[in-house]
Amino acid sequence: MTGDGGFNHIPVLKSAVLEALDFEVSRPLRMIDGTVGGGGHSALLLEKFPQMELIGIDRDDMALSAAGKRLGFAGNRVKLVRGCYADLAAIAVENGWDSVDGVLLDIGVSSPQLDVAERGFSWRNDAVLDMRMDRRSELTAGRWLNRTSESEMARVFREYGEIKKAGALAKKAVEMRENKPFAMTSDLVALSDAVLGRAKPGQLPHPTLVFQAVRIAVNDELRQLETGLKAAVSILNPGGRVAVISFHSLEDRIVKNYFRRESMQCICPPGLPVCCCGHKAQLKLLTRGAVVATAEEVAENSRSACAKLRAAEKTE
């Protein structure tokens with residue numbers, strides 16, 4: 001294994017990202033890749049725009065190590081920062097930028113994180129229940145499962161995993177941890193199998209949904225997304241663009257609703273004779289609906305099958 005944990009990340013929706021973030025200007029550009037990962041998307045942007053400077057942010061030290069190698073060709077045009085994209089506006093200011101021309105967010109767990117067994121993200125390999133995107137955090141998946149109340153676990157399984165038997169799953173988790181604390185990914189698979197059984201043909205394996213729910217809770221992913229979207233728009237120049245790639249319905253719904261709300265001039269309840277909300281549109285939608293991968297891209301990179309991209313431009 002290499003020092004970056006074999007972090008060989010193939011970027012999804014490459015053409016769609018370049019189209020969404022197509023800056024038709026020759027002046028210097030400032031870009032934030034809030035989830036830089038292995039640097040795949042950033043490399044494409046830096047190659048296309050030789051006048052671009054970029055701040056790449058990631059919580060994962062392995063990802064930043066890989067990104068540093070992949071983006072070395074850009075020299076001092078790149079600054080890599082370990083942190084969370086929810087703080088991207090503050091990170092930009094700390095690095096001397098008060099505004100940017102573009103923001104890219106590629107949400108969720110990456111293929112390299114799933115592939116490295118000891119990170120504990122995948123149910124297909126037995127490993128310590130970790131799932132931390134930022135390994136400096138004290139909250140692992142094991143600690144979350146062993147300390148969280150039954151009611152909170154039920155909420156997480158229901159909302160983040162969209163699991164119908166969320167209550168039964170949480171109740172069984174409490175029973176299991178009283179006999180033996182959750183420690184390994186196989187323990188969580190056993191919980192899933194005991195309550196949910198085997199998935200029907202054509203359905204996602206049930207452990208996939210259980211692991212997804214726990215991972216989102218451990219990394220506070222949905223709140224980070226909501227905060228990150230607001231931060232991105234707040235720091236964009238007029239005419240600047242934000243593009244977001246998501247991989248499941250929970251993320252995509254948050255992005256869709258935020259972009260739609262911020263593209264509306266009035267958000268008053270229907271039927272009011274006069275607008276009283278005071279809301280002003282600050283975005284123009286660049287994508288009508290979500291952009292998905294072509295069949296050719298899915299054949300080349302299966303991870304792109306679930307990817308959805310939405311983009312918007314900040315109004316003048």
Side-chain angles (χ1 to χ4, degrees), residues 4 7 9 11-14 17-18 20-23 25-108 110 112-113 133-137 219-221 224-246 255 258 283 309-314:
D4 55 26
F7 212 104
H9 183 206
V12 301
L13 300 176
K14 293 181 285 188
V17 167
L18 291 177
L21 299 173
D22 186 15
F23 305 101
V25 294
S26 57
R27 61 173 174 78
L29 292 167
R30 287 177 169 175
M31 180 80 198
I32 292 180
D33 187 341
T35 48
V36 71
H41 288 118
S42 288
L44 294 171
L45 290 163
L46 289 163
E47 288 167 354
K48 182 176 180 179
F49 300 104
Q51 77 277 30
M52 177 178 284
E53 295 179 285
L54 182 141
I55 294 176
I57 304 168
D58 210 288
R59 291 194 272 185
D60 194 323
D61 56 323
M62 283 171 41
L64 291 174
S65 175
K69 296 174 183 177
R70 190 160 188 176
L71 303 179
F73 71 90
N76 60 10
R77 291 197 287 141
V78 176
K79 170 74 173 180
L80 297 177
V81 178
R82 189 172 185 184
C84 181
Y85 69 83
D87 302 319
L88 64 85
I91 290 171
V93 171
E94 289 168 3
N95 285 274
W97 293 6
D98 56 4
S99 63
V100 300
D101 300 291
V103 175
L104 173 64
L105 303 175
D106 182 356
I107 307 303
S110 67
Q113 288 168 328
M133 291 181 177
D134 186 339
R135 292 186 288 181
R136 299 172 298 184
S137 171
N219 294 288
D220 198 16
E221 293 177 37
Q224 298 286 348
L225 176 55
E226 292 169 347
T227 304
L229 289 170
K230 295 175 183 177
V233 173
S234 74
I235 200 168
L236 277 179
N237 288 317
R241 294 184 169 194
V242 53
V244 185
I245 300 171
S246 60
V255 178
Y258 181 77
L283 292 178
L309 180 140
R310 296 181 187 271
E313 181 178 282
K314 191 164 185 180

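In this text, all values refer to a predicted model and were calculated from it rather than measured experimentally.
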Checklist entry - Could you walk me through whether Arg59 and Asn219 pass the side-chain contact (heavy atoms from CB on, under 4.5 Å) check? => result CA-CA 10 Å; Arg59 291 194 272 185; Asn219 294 288; 3.7 Å; yes
Item to check | From Ile57 atom CD1 to Leu80 atom CG, the distance as rounded to the nearest 0.5 Å | outcome: 10.0 Å
Checklist entry - Which pair of heavy atoms, one from Ala243 and one from Ala20, lies closest together, and at what distance? => result CB-CB, 4.3 Å
Next on the checklist: For Lys230, I'd like to know if atom NZ has over 12 heavy atoms of other residues, nucleotides or ligands within 6.0 Å.
Outcome noted: no
Checklist outcome for this item: Looking only at heavy atoms, the pair that brings Ser246 and Ile107 closest together is CA-CB, 4.5 Å
Next on the checklist: Looking at Val25, is its backbone amide N or carbonyl O close enough to the side chain of Gln51 to form a donor-acceptor pair, meaning the two atoms are under 3.5 Å apart?
Outcome noted: yes
Item to check | side chain to side chain contact (heavy atoms under 4.5 Å, CB included) partner of Val244, chosen from Val103, Leu229, Leu309 | outcome: Leu229
Next on the checklist: I'd like to know if the side chain of Tyr85 reaches the main chain of Leu225, judged simply by a donor and an acceptor atom lying under 3.5 Å from each other, with no hydrogens or angles considered.
Outcome noted: yes
Next on the checklist: Between Asp22 and Arg241, does any side-chain N to carboxylate O distance fall below 4.0 Å?
Outcome noted: no
Checklist entry - Does the side-chain contact (heavy atoms from CB on, under 4.5 Å) test come out yes or no for Leu104 and Met31, once each step is laid out? => result CA-CA 8 Å; Leu104 173 64; Met31 180 80 198; 3.6 Å; yes
Item to check | Interatomic spacing from CD in Gln224 to CG in Leu105 - rounded to 0.5 Å | outcome: 11.5 Å
Next on the checklist: Could you measure the distance from the OG atom of Ser42 to the CZ atom of Arg70? Nearest 0.5 Å is fine.
Outcome noted: 9.5 Å
Next on the checklist: Looking at Asp134, is its backbone amide N or carbonyl O close enough to the side chain of Asp60 to form a donor-acceptor pair, meaning the two atoms are under 3.5 Å apart?
Outcome noted: no
Checklist entry - Which atom pair, heavy atoms only, marks the closest approach of Phe49 to Leu29? => result CD2-CD1, 3.9 Å
Item to check | Any Asn95 side-chain heavy atom under 4.5 Å of Glu53 side chain | outcome: no
Item to check | Under 3.5 Å: donor-acceptor pair, side chain of His41, backbone of Leu18 | outcome: no
Checklist entry - Any donor-acceptor pair under 3.5 Å linking the side chain of Arg30 with the backbone of Ala92? => result no
Checklist entry - Is there a donor-acceptor pair under 3.5 Å between the side chain of Asp58 and the backbone N or O of Gly37? => result yes
Checklist entry - Between Val242 and Ala232, which heavy-atom pair has the shortest distance, and what is it? => result CG2-CB, 4.2 Å
Next on the checklist: Once rounded to the nearest 0.5 Å, what's the spacing between atom CD of Glu226 and atom CG of Asp220?
Outcome noted: 9.5 Å
Next on the checklist: Would the distance check show the side chain of Arg77 and the main-chain N or O of Leu46 forming a donor-acceptor pair, the cut-off being under 3.5 Å?
Outcome noted: yes
Checklist entry - Does the side-chain contact (heavy atoms from CB on, under 4.5 Å) test come out yes or no for Met52 and Leu21, once each step is laid out? => result CA-CA 12 Å; Met52 177 178 284; Leu21 299 173; over 6 Å; no
Checklist outcome for this item: Distance col, row Ile245:CD1 vs Thr35:OG1, nearest 0.5 angstrom, shows 7.5 Å
Checklist outcome for this item: Closest non-hydrogen atoms of Lys314 and Asn237, given as atom of the first, atom of the second and distance, are CB-O, 3.7 Å
Next on the checklist: How long is the straight-line distance from CG of Leu283 back to CD of Glu313, given to the nearest 0.5 Å?
Outcome noted: 9.5 Å
